[in-house]
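The sequence lines fix the lettering, A, B, ..., with proteins before strands; numbering per chain opens at 1.
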2 protein chains.
Amino acid sequence: MLDCQDHEVCIESAMSEAESICQENGLRFTELRKEVLRLIWLSHVPAKAYDILEKLKGKAWSAKPPTVYRALDFLLETGLVHKLDSINAYIGCSHPREHNGCYFLICTDCNEAKECCSPELTDAIELAWNKNSFRPQKVTLEVLGQCGECE
Amino acid sequence: MLDCQDHEVCIESAMSEAESICQENGLRFTELRKEVLRLIWLSHVPAKAYDILEKLKGKAWSAKPPTVYRALDFLLETGLVHKLDSINAYIGCSHPREHNGCYFLICTDCNEAKECCSPELTDAIELAWNKNSFRPQKVTLEVLGQCGECE
DNA sequence: TTAAAAATTGTTATATTATAACATTAAAGT
DNA sequence: ACTTTAATGTTATAATATAACAATTTTTAA
Ligand SMILES: [Zn+2]
Ligand SMILES: [Zn+2]
Ligand SMILES: [Zn+2]
Ligand SMILES: [Zn+2]
């Protein structure tokens, strides 16, 4: 699905951007949170919470569900990670500094997901909700299907 | 949130439309499935599976989780009901014969949800996925926020 | 009209996803 | 140093959903 040439680059740039964002905002990017983010970034296949848990267990942590869910909560709040509600899984944010009309393409064959942005989309959605005098707080837009490489 | 004057009308029209659709398609609209659909239509607040289960228990059925989830599966497959992934709840479809760019507005105050359609939205989404050579199978679009009556 | 096949429902058990509540430890502010 | 706050550890449980197999009902068709 992805235009990812060298995934080590994906990981390292995500980790260092996360580091900067936390520093800038006075947030504590602890070892645990770092490790969870790194585990999520292991691939472009969204990670399940309990899979993260198993992997954490292999790494010095006495991990239990709250260990993972708290780290996830932090990463979600800071925008470093997104939850994909349609598959109950978590994916690293590919551009955590700006979110404009973002949505997700999720391939049901290779299981990879891609975060996309489309201003037209935002416009159309805004138009639609104005019609309904609705004040949006959170938009969930996820498209399940087949990616170009899996047809 | 809703332009629902007389909710008995909502219920009865949904039930009779469901009846027709099942007949037309040779599907069995059993008493159990009917009752689950009616329970979902009790209000415009999306129903939780286990709440449906509790209500079923009060009505002659020896209901257990699979009882409800099977009925839900049937109703979802026939398009009579939608699942809202962002809140794990089920809502009756307000126009099960045609789905074009449908999405959901979910009010976090009154908890009601409204199914909306926007062709512009479909267009924008299609445009976006073409860019990514993605073949969509299922679109999840849910907007959490405050409805006009809850500001 | 009855026997076979298919669909539906019943039932028990368990898988998966997530949070509550309270104790302990580490970090930050004074 | 002491206090406060934040983060993590730990135990238990809540909330959501499915697997597997048995019993029953409905449909199909011999
Ligand atoms: Zn990559
Ligand atoms: Zn993002
Ligand atoms: Zn109504
Ligand atoms: Zn619908």
Trainee: Under 4.0 Å between a Lys/Arg side-chain N and an Asp/Glu carboxylate O for B:E54 and B:K59?
Mentor: no

Trainee: Report yes if at least one side-chain N or O of B:N88 is closer than 4.0 Å to OP1 or OP2 of D:dA17; otherwise report no.
Mentor: yes

Trainee: Would you please confirm or rule out a distance under 4.0 Å between OP1 or OP2 of D:dA15 and any side-chain N or O of B:K48?
Mentor: no

Trainee: In whole Å, what is the span from the CZ atom of A:F29 to the P atom of C:dA28?
Mentor: 16 Å

Trainee: Calculate the interatomic distance between A:D51 atom CG and C:dA15 atom P; express it in whole Å.
Mentor: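 It works out to 15 Å between those atoms.
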
Trainee: In this structure, how many angstroms lie between the P atom of C:dT16 and the CG atom of A:L84, rounded?
Mentor: 19 Å

Trainee: Under 4.0 Å between a Lys/Arg side-chain N and an Asp/Glu carboxylate O for B:E126 and B:K131?
Mentor: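 A salt bridge is absent here (no side-chain N lies under 4.0 Å from a carboxylate O).
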
Trainee: Tell me: CG of A:L53 to C1' of C:dT16, nearest whole Å?
Mentor: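 Whole-Å distance recorded here is 12 Å.
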
Trainee: Between B:P65 and B:T30, who's closer to the 5' end of DNA chain C by nearest nucleotide?
Mentor: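 It is B:T30 whose nearest nucleotide is closer to the 5' end.
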
Trainee: In whole Å, I'd like the distance from the CG atom of B:N25 to the P atom of C:dA7.
Mentor: 16 Å

Trainee: Whole angstroms only, please: what is the CZ-C1' distance between A:R28 and D:dT4?
Mentor: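 About 13 Å, once rounded to whole Å.
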
Trainee: Please state how far atom CD1 in B:I52 lies from atom C1' in D:dA17, giving the value in whole angstrom units.
Mentor: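 Rounding to the nearest Å, CD1 of B:I52 and C1' of D:dA17 are 13 Å apart.
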
Trainee: Looking only at side chains, do B:E115 and B:H44 share a donor and an acceptor under 3.5 Å apart?
Mentor: no

Trainee: For DNA chain C, determine which residues of residues 69-79 of chain A have any heavy atom closer than 4.0 angstrom to one of its atoms, and list them numerically.
Mentor: A:Y69, A:R70

Trainee: Establish, with yes or no, whether the OP1 or OP2 oxygen of C:dT9 is under 4.0 angstrom from a side-chain nitrogen or oxygen of B:K64.
Mentor: no

Trainee: In terms of relative ring orientation, are A:H7 and A:W41 parallel, tilted or perpendicular, with 30° and 60° separating the classes?
Mentor: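 Ring orientation, 0 to 90° scale: tilted.
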
Trainee: Side chain of A:A49: nearest nucleotide among C:dA18, D:dA17, C:dT11?
Mentor: C:dA18

Trainee: Distance check, rounded to the nearest 0.5 Å: B:C147 atom SG versus B:N111 atom CG?
Mentor: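 Here the interatomic distance stands at 10.0 Å.
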
Trainee: Figure out the CD/C1' separation between A:E35 and D:dA7, and round it to whole Å.
Mentor: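 Rounded to whole Å, this separation is 17 Å.
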
Trainee: Any Lys/Arg nitrogen of B:D109 or A:R135 sitting under 4.0 Å from an Asp/Glu carboxylate oxygen of the other?
Mentor: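 Salt bridge flag = no for A:R135 with B:D109.
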
Trainee: Would you call B:R97-B:E24 a salt bridge at under 4.0 Å N-O?
Mentor: yes

Trainee: D:dT8 phosphate, OP1 or OP2: any side-chain N/O from A:S62 under 4.0 angstrom?
Mentor: no

